[in-house]
Engineer: 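Mind looking over this structure? Questions follow.
To find a chain, count down the sequence lines: A is the first, B the second, and so on, and within it residues start at 1. Values below: all heavy atoms of this structure, side chains included; hydrogens, waters and symmetry mates excluded.
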Amino acid sequence: ATAIAPKLVLGADPINVGSLTPNTGGGGPFGPNIAAAHRRVVEEVNAAGGVLGREVQLTQENSETNPETAVRAADKLINVNQVIGILGTWSSSVTLGIMPKCQEAGVIQMCTSSSADIPAKDEKGLVFNFQALSPVWGDAIADLALRRGFKTFSLMALNNDFTGSMIDAFAAKVKAKGAQVINEPFFYNGGQSSYRTEVEQLIAGDPEAVFIPAYVTDFTAVYKEIFRSGYEGQVISVSIATGDKFKEAVGEAANGLLHGVPVPPIGSKAYAMYLQEAGLEDTGEVQHPFGTAGRDQMSSLLLAVEKAGSTDTAKVAKAIWEVTTGPGKKEVFSVLEGLEAIRAGEEINYSGASSSVEFDNEGMVLGRDFQLTEVQDGKDVVVERLEFKG
Amino acid sequence: MGQVLINALVNAALIGPPAVAFSMLFGILRFPNFAIGGYITVGAFAVFAFNVTLGLPLVLATLLGMAVTGALVWLSDEIVFKPMREHSPITLLIVSIALTLILEQGVRLFWGADVRGFDLPLTRPMKFAGMRITVEQVWIIGLALAVASLTHAILRYTRIGKAMRATSDNFMLAQVRGINTGRVIAFTWLYCGALFGLTGTLGGLDLVIEPLLGWNLTIPIFAAAILGGIGSAYGAMLGALLVGIAEELTVLVLPSTYKVGVGFIIIALLLLLRPQGLFGEAQIKK
Amino acid sequence: MTGPLLAVEGLCAGYGKGDIIKDVTFELSAGSITTIIGPNGAGKSTLIKTLAGVVRPRIGSVRVDGDDLTGMVANRMAAHGVAYVPQEANVFRTLTVQENLEMGAWTATDTRHERMEHVFELFPVLQERSAVRAGNLSGGQRQMAAFGMAMMVAPRLLLLDEPSAGLSPKMVGQMFETVRRVNETGVGVLMVEQNAIQGLGIADRGIVMAAGEIKLNLPASELLDNAEVGELYLGTRQ
Amino acid sequence: MFGADGAALQNAGGDAILSVSGLQKAFGGVQALSGMDLEVRRGTVTGLIGPNGAGKSTLFNCMSGVIPPDSGEVHAFGRNITGWPSHRLAPLGVVRTFQLSRELGRLTCLENLMLAPLAQLGERLLPIFLQPGAVAREERALYAKACEVLEFARLADLRDEYAENLSGGQKKLLELARALMLDCELILLDEPGAGVNPALMKTLEEIIITLNRDQGRTFLIVEHDMDIIARLCDPVIVMTEGRKLTEGPFDLVRRDPTVIEAYLGGVA
Amino acid sequence: MTFYFVSIATYVGFFMIMALALNLQWGMTGMVNFGVAGFYAIGAYTSGLLSVKAGWPVEWAMLAAPVMGLIWGAAVALLSIRLREDFLAIVTLGFGEIVRLFVLNEDWLTEGPRGLRIDARPLGGMLDRDQYAYFYLALVAVTVLIIFLISERIRRSPYGRVLRAIREDDVVAGVLGKVVLRYRIQVFALGGAFMGLGGALYAHYVQNISPDVFMPMVAIFIWMSVIVGGAGNNKGLLIGAGVVMALLEGTRFLGDFMIWLDAEKLSALRIILIGVLLIVVLRLRPRGLMPEEKFRYNP
Ligand SMILES: Nc1ncnc2c1ncn2[C@@H]1O[C@H](COP(=O)(O)OP(=O)(O)OP(=O)(O)O)[C@@H](O)[C@H]1O
Ligand SMILES: Nc1ncnc2c1ncn2[C@@H]1O[C@H](COP(=O)(O)OP(=O)(O)OP(=O)(O)O)[C@@H](O)[C@H]1O
Ligand SMILES: CC(C)C[C@H](N)C(=O)O
Ligand SMILES: [Mg+2]
Ligand SMILES: [Mg+2]
């Protein structure tokens, strides 16, 4: 059925795409998945004849989750590799850090960052975010938590942008629904040699539940400390901090923990495909929350190039909406399906492994389901789900 | 308040032994060795490998891990530092930072950046008089005290300990008096390496095993050792206690995000009052 | 063995490029004292450091009692019965006086107590200050401690680099007297001294070093009487 | 006690430019100075002798602001300088050397000397940018002077050598030479002769005598070499156990039985 | 590719400015400063905030940065008058961390972890993208040159001689009548000012700064530049800055050759390689590529 798949045109310039992922540093646990997903999509596409008959050339860099290094890496991608887009930035500070360079050079950015500043600072409409912004997280998780009937909460968060706005939204929601936040929400820094004081402060008023948005490395240490402190109330966090590795690291003590996250449409077709591509088994749990986004980033970018028929980034940016967003188009779940459809002259809507990939007019992803999960017997058990209602 | 003290004590017990080791290495080799972060990380992963991958009991795994770390730390001297003995302390400092990068990334190369834990269930605390402490923490404190006393006893009463102090004081003269300084230094590395291995275990228990584990402990260790006055085992322990208390008390007055910073300020103030460190002695040259 | 206690032949040594001591050859017979004098920077300390194994020889050989010890490092030299008192940095500053003396006996712990008694007899002030860190001693006290350390073993060969510097006249007398007595027990002594009159006074032979070379090697009494030597090195000619 | 000689002494020197009274300093249990009194008269070369550990160097440290005394007072040039930091003393006219030489290791010999003179224009931040000509001129003058002093100290060949590479005696010479570079009226020398070759020391003594006679500089010299003391110093102060034992011309002092007992032994 | 080199050259310029300043403080005067990143941040945020939030003209804002660096440099030096070298290390390390914590936590002022977007830049809007890259490189180069000349003048002057004397033994310098404290404060302040200026130039070049930029790692790179180049030698450390940047950036191209490695292993390997190369360089040239020169006066 691939009669129309073109062969790579010999001698044509390749299409350059950059991937800038947090392979080390704070995002270290996630970056490699994203990078691998990027590479898989590109390999798949190249094997099937490339885009516009041209080979896709992928250059991957490590942001080290550090904006200082990331800017130089972006510089290299832009000026040496002449990429049309930089995909995969994760931490907001990196996404924002390279933004001036990218905007100046007219390079598309695709990220999974959650800072509310991202749309505001994207003046040229070149940034696409595959992650819900953190206020949305806070609101949704609070909503789910309230359904469990907690009346008093204490909040603390890792000190970064992602968690900062999440806490505000969480608190606002809690108050709006008549429950109480009994502490003055506060932040802690990652990479500390102990978190005892912070935990002490958090549980001081003996709240029914505590909410701690964080990253996995520091959350693991914090959670151990909470457990050791003898706190008997409910701990709530975000699922990115409570993956398999977390559960392995803390063992049985993880039982009873609640965590929420925007989820890939588990059971959806694209997600199943992702698991297969990544060689994972379907456990019914959320796996690779960012790897899935990596797949969707690369897929939508390449589809958009094919759609735009050029590598002019303004045109490609416009085409990204065309291939991902809007009703009444043919739904595709993988890049190859999509390419085929585009070449067949069809209008497509790419539905991804991380979400259905619908963007608002600022390039922020819309359609994300949220799910609240409880750890029981070392396994995630879904307790509540909040489906995105288009 | 009592809880604050217990917490500070646990912090101190974690930082203390490596601070003692750092201080000993500084004393004998005359440079601040920032590779301690790398050593601790390696220690934690070595113990992890024995404990989780090979399924040995934690105590045995710890002992083996200490041996492995000791050997590795000694090897790092043979390969990296030994040929550079004569070089300036700051050059060696930079070299040690480069070494810590290599060790950390080496660990990452094999194990990735994921978080890990030992095969030991977390425990709930024992409670008394409104204060809480876990069995693990009691262990950590006990071990730290044991390490301090052992180190002190070695330095003060054993032949090798005296040789260590002499070597650290005046390398050339030590040789002249017949001390095999090469062997003394090797022993020091091995001993300190074992302490870093132990810290790997304790740190992994208290925090979480990951490549940056050691790096996160480095600055408090450095501060404690300097504060205690280089070369003094009890000094380093006391330094650790003060760093611990300083950080704990900060939170009573300032947002906890400033914890690390205030720790530094208190250290600075202490040093202004007693510029030679707590246990260091002022030297007057004539 | 009837040969000389110390036989140095064609010795060259230095720090950076260039040799500081050049082609030094001499012998020291068992049970004798040789005193080296010479202007500042002549290479006296360098020679003695080379003999002690602190500076590496480049060419030449060093034999003690017939054993070839050329190029041996300092701690092995010490094990071979060579005791050396450096000119500078000659005590462990952070160790107490008592510990310093104990370090002196590193290679021979068995007779430590008697010997320490002996050192304390010699320099009572060291006993008074035995718990003080050597870095806090006065200049002369430190010199006594350094000398005392070498008295803690029974060496075959004693190398002293300006042992009298900084000592009070009374102590200088006692120190030289001690050297003489130690020598009488059969220990060979090679000593650098600026206090030439007294230094040569107890010596059998005297060596004049200048610019890295041995200029004269004579019986000590001849050297003392040598007018030229007096003027150039001893400052005795008015 | 010294009769006529003592009176002669009074006339020989001018007013006291340095005086110390009741100086005390203890280190832990050791009373290094216990009520030391001392006067140095203008224009003299005063000797300070005493057994090892008598407190001579400690006295120097207390007088030169390196360590503060526990009690007692130090006056120099009519000012109470007790507890002054050391950098204020040189401008007042007091400079010292150290018993264990403290060379500036990674400066060359020449630099060690050129550093010494006071109030150099080029040592201030703005003039080096705004008045480079004047600074260069000043440097040339300093250079000439330093070369001269190096010549005396027989260090001329080593002028571009790092001071850390000098021999023990050379370091002492450098220490002395550096002090002579300053135009200070009062120069305190802590065992300048120890480790210096006696023939060379004689030359240096001549320099000291010249500086004293022709330029009226005053010296206070700690020394254990009695030949040097005999040739240079009048009066001589003897201290033991942290306080002054006696004072007078060397010929008298050397015959004092208490001095012989405590210090000289049978030899001198 | 050219633009890549232009931009890397610009970054090298920042390193050079910082390294020159550190050399003044540590290489010449012996004052350990582990808080380099803090001064960098002070410069960057001063200029950034003044131009973004206070609406200052960008040129004025950039000039305010060294003034701020100067003030804080003097303050830190004053605080640590009595401290020994290794203690100065902790105090400055602490200072750097406190600065970073301040910009991280006081988000009412600094935007905290969100980072500060700085659109204003000198001659902004008057040049196109390519010209601007050259212009900025020139601006940085001129700054490097000026700081280099100032440092060299200091080094070769009697003033520099006093600094080196203090480095060797401050008590001796004091006995010789040098007011050690004054020199220490002046030098630390001057170094702080240069670092502040470096920070300002950096901020307006990358146009987005956040607390994460000023992690201790930056300070480590600057230290590496000085050590690799040769402490005490201004020319050497310019080379050192180039070498360190070449290590950091050059190893990036590793991936182009080792395509069989996945991204995570590759990035680990890259950092390992940086570490190994650094050790090798220092092993071969322990006093740096261009060790401090001896001074020979030959008037
Ligand atoms: N920092 C210190 N701590 C303890 N004791 C000290 C210290 N400094 C000096 N002392 C003691 O004070 C006494 C006086 O020492 P000082 O150096 O002043 O003697 P001195 O007269 O210069 O002797 P010398 O002729 O041997 O140089 C000595 O007994 C010494 O041990
Ligand atoms: N560590 C060193 N590095 C380089 N050169 C050195 C070193 N030590 C000594 N020298 C040089 O070697 C020469 C001889 O020094 P040495 O110490 O042997 O002299 P010395 O005869 O003992 O003099 P003194 O009587 O002053 O102690 C001197 O010119 C000195 O500058
Ligand atoms: C967890 C992610 C969704 C958010 C990202 N780490 C950020 O800093 O914005
Ligand atoms: Mg000598
Ligand atoms: Mg003295």
Side-chain angles (χ1 to χ4, degrees), chain B residues 23-30 82-83 85-87 152-188 228-236 276-286, chain C residues 15 48-49 51-55 72-96 98-109 112 132-143 145-146 149-150 152-153 155 158-161 166:
Chain B
S23 179
M24 277 169 88
L25 285 175
F26 195 160
I28 211 157
L29 295 151
R30 300 273 148 220
K82 197 171 181 179
R85 238 16 136 224
E86 311 273 278
H87 302 169
H152 184 78
I154 288 181
L155 286 177
R156 190 81 14 206
Y157 304 112
T158 67
R159 194 164 152 87
I160 182 83
K162 281 185 183 152
M164 281 160 86
R165 284 196 295 143
T167 307
S168 106
D169 180 292
N170 186 334
F171 190 85
M172 189 271 275
L173 191 59
Q175 276 196 321
V176 162
R177 294 280 77 98
I179 295 172
N180 187 336
T181 46
R183 214 179 298 157
V184 171
I185 290 176
F187 174 82
T188 312
I230 285 305
S232 156
Y234 284 135
Q276 66 275 30
L278 293 171
F279 276 45
E281 277 199 20
Q283 295 274 352
I284 301 157
K285 299 193 193 152
K286 298 191 184 93
Chain C
Y15 304 92
I48 220 162
K49 280 188 219 166
L51 299 179
V54 173
V55 170
M72 205 168 256
V73 290
N75 58 317
R76 304 207 35 221
M77 284 287 199
H80 275 86
V82 177
Y84 162 57
V85 180
Q87 178 175 13
E88 298 173 289
N90 48 13
V91 294
F92 297 107
R93 301 167 51 92
T94 56
L95 270 55
T96 64
Q98 167 139 7
E99 286 168 332
N100 263 278
L101 293 178
E102 282 167 11
M103 295 318 299
W106 186 257
T107 53
T109 36
R112 196 168 75 184
V132 169
R133 291 180 183 230
N136 290 337
L137 292 176
S138 82
Q141 291 166 345
R142 172 198 289 236
Q143 203 70 13
M149 251 195 275
M152 292 294 293
V153 284
L158 188 56
L159 303 173
L160 302 172
D161 199 347

Engineer: Checking N90(C) now: which residues fulfil side-chain hydrogen bond (donor to acceptor under 3.5 Å, both in side chains) with it, not counting sequence neighbours?
Structural biologist: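 Per chain and number, N90(C) pairs via side-chain hydrogen bond (donor to acceptor under 3.5 Å, both in side chains) with no residue.
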
Engineer: Are side-chain heavy atoms of L173(B) and M149(C) found at a separation under 4.5 Å?
Structural biologist: yes

Engineer: Residue by residue, which of residues 177-187 of chain B have a heavy atom closer than 4.5 Å to a heavy atom belonging to chain C?
Structural biologist: R177(B), G178(B), I179(B), N180(B)

Engineer: Look only at the side chain of D169(B) and the backbone of R93(C), and say whether a donor-acceptor pair between them is shorter than 3.5 Å.
Structural biologist: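 Judged by distance alone, yes, a pair lies under 3.5 Å.
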
Engineer: For R85(B), check salt bridge (charged side-chain N to carboxylate O under 4.0 Å, His left out) against everything at least two apart and list the hits.
Structural biologist: D77(B)

Engineer: Does R112(C) have more than 12 heavy atoms from other residues, nucleotides or ligands lying within 6.0 Å of its CZ?
Structural biologist: yes

Engineer: Where on A79(C) is there a heavy atom nearer than 4.5 Å to chain B: the side chain, the backbone, both, or neither?
Structural biologist: neither

Engineer: Check each atom of M103(C) against the heavy atoms of chain B and say whether the ones under 4.5 Å are side chain, backbone, both or neither.
Structural biologist: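 Contact with chain B: backbone and side chain both.
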
Engineer: Sort out for me which of V153(C), V82(C), N100(C), V91(C) touches chain B most, counting heavy-atom pairs under 4.5 Å.
Structural biologist: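 Option with the greatest count: V91(C).
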
Engineer: Any salt bridge (charged side-chain N to carboxylate O under 4.0 Å, His left out) pairs touching residues 98-107 of chain C, not counting sequence neighbours?
Structural biologist: R156(B)-E99(C), K162(B)-E102(C), R165(B)-E99(C)

